[in-house]
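Notes for the one structure printed next.
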Amino acid sequence: MPIVDLFSNPEGILTLAPGNKAELLDLLAAEAANRLGRKKEEILQPLLGREKLGSTALGRGVALPHTRLDWLDSPLAILARLTHPIDFDARDDEPVDLVFLVLWPESASEGFLPALSDICRALRDQQLPRQLRQARSAEEALSRLQAADQPDPEAGP
């Protein structure tokens, strides 16, 4: 599944101002719950459980909180740009200001790790996080994600 397809629409991009990691996860869970017509706790508790296993911060100011949910019908992703970086227990000790929330249906678990891997691969290009931080609109950010997800014609088969 192309990365951009995880985002249902440009409203998948948020600007948030949490004070800390717990507040950020709460805000993201509330937003996802609102979009899915579910209770916030149904999303927040699995996210917190995943974070207890280890931080989902990728480094360089990016985090990828994620979880699989048995009641979810289709994947949902939300990209949040934070107005102020927050501590996310990253290995590189860099505060996080760019967050990809990924919620995945348990029934389609075979696509979960490839989707996370695709996001990580796209973010290896140091230009993409910078472009996402500088995007002037949600549409522009989604366009940058879509461009990053395209195969590099110079890379060969």
Side-chain angles (χ1 to χ4, degrees), residues 1-16 18 21 24-25 27-29 31-33 35-36 38 42-44 46-82 85-86 88-92 94-157:
M1 169 182 285
I3 295 170
V4 75
D5 288 353
L6 294 174
F7 297 86
S8 57
N9 56 45
E11 292 155 12
I13 315 279
L14 302 175
T15 300
L16 298 175
K21 181 179 178 177
L24 171 64
L25 293 174
L27 289 168
L28 289 171
E31 178 63 29
R35 292 177 189 201
L36 296 168
R38 303 295 288 218
E42 292 179 272
I43 298 165
L44 181 59
L47 283 175
L48 292 173
R50 170 56 190 87
E51 287 299 320
K52 284 182 182 176
L53 297 174
S55 176
T56 56
L58 302 176
R60 295 185 3 237
V62 180
L64 182 60
H66 55 275
T67 193
R68 294 187 306 201
L69 302 167
D70 58 7
W71 51 262
L72 191 62
D73 294 326
S74 60
L76 173 70
I78 298 173
L79 172 59
R81 296 183 304 182
L82 308 186
I86 61 168
F88 210 89
D89 303 316
R91 288 185 189 175
D92 65 359
E94 292 272 335
V96 163
D97 67 344
L98 200 57
V99 181
F100 286 84
L101 171 68
V102 177
L103 304 178
W104 202 269
E106 187 70 52
S107 63
S109 60
E110 68 280 349
F112 182 59
L113 292 178
L116 295 180
S117 178
D118 288 347
I119 292 170
C120 292
R121 189 175 10 270
L123 290 168
R124 278 190 209 139
D125 175 1
Q126 294 187 15
Q127 300 294 334
L128 180 59
R130 183 180 53 76
Q131 291 170 345
L132 293 174
R133 289 177 178 113
Q134 294 175 350
R136 294 185 187 141
S137 67
E139 291 82 2
E140 183 181 343
L142 282 178
S143 175
R144 299 294 185 186
L145 278 172
Q146 187 170 22
D149 202 25
Q150 300 302 314
D152 183 354
E154 296 178 16

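Values below: all heavy atoms of this structure, side chains included; hydrogens, waters and symmetry mates excluded. Bear in mind the structure is a predicted one, so any value in this text is a computation, not a measurement.
Put simply, the side chain of V62 reaches to within 4.5 Å of the side chain of R133, judged on heavy atoms. Residues L24 and F88 have side chains in contact (heavy-atom distance under 4.5 Å, counting atoms from C-beta outward). L103 has its side chain within reach of T67: a pair of non-hydrogen atoms, C-beta onward, lies under 4.5 Å apart. Considering only heavy atoms from C-beta on, L142 stays 4.5 Å or farther from L79 through its side chain.
E42 and L69 make their closest contact through O-CD2, 3.8 Å (heavy atoms, listed as atom of the first residue, atom of the second, distance). What you find for I86 and P18 is that their closest heavy atoms are CG2-O, 3.5 Å. Contact record, E94 with G61: CB-N, 4.0 Å, taken as the closest heavy-atom pair. Counting all heavy atoms, side chain and backbone alike, L128 lies closest to A122 at CD2-O, 3.5 Å. Nearest heavy-atom pair, K21 versus E51, reported as atom, atom and distance to 0.1 Å: NZ-OE1, 2.8 Å. Between A90 and S55, the closest heavy-atom pair is N-OG, 4.3 Å.
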For this session: Begin with the C-alpha distance, continue with both residues' side-chain angles, and end with the deciding distance and a verdict on side-chain contact (heavy atoms from CB on, under 4.5 Å) for R35 and I78.
Result: CA-CA 10 Å; R35 292 177 189 201; I78 298 173; 3.8 Å; yes
Problem set entry | Test side-chain contact (heavy atoms from CB on, under 4.5 Å) applied to E31 and L27, step by step | CA-CA 6 Å; E31 178 63 29; L27 289 168; over 6 Å; no
For this session: Could you go through the side-chain contact (heavy atoms from CB on, under 4.5 Å) check for E106 and L72 one step at a time?
Result: CA-CA 7 Å; E106 187 70 52; L72 191 62; over 6 Å; no
Exercise. Under the side-chain contact (heavy atoms from CB on, under 4.5 Å) criterion, do L36 and I43 qualify, and how do the steps go?
Worked result: CA-CA 10 Å; L36 296 168; I43 298 165; 4.1 Å; yes
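Distance check, rounded to the nearest 0.5 Å: SG of C120 to CG of L58 gives 4.5 Å. Annotation: the span from D97 atom CG to L16 atom CG amounts to 12.0 Å, rounded to 0.5 Å. Atoms OG1 and CG, on T56 and L116 in that order, are 10.0 Å from each other to the nearest 0.5 Å. Within the model, atoms CG of L98 and CG of L64 stand 10.5 Å from one another, a figure rounded to the nearest 0.5 Å.
Surrounding CG of D92 are more than 12 heavy atoms belonging to other residues, nucleotides or ligands, all under 6.0 Å away.
At distances below 3.5 Å, at least one donor-acceptor pair connects side-chain atoms of R81 with backbone N or O atoms of L132. In this structure, R121 contributes its side chain and D125 its backbone to no donor-acceptor pair below 3.5 Å. Although no hydrogens or angles enter the test, the distance criterion places a donor-acceptor pair under 3.5 Å between the side chain of R60 and the main chain of L123.
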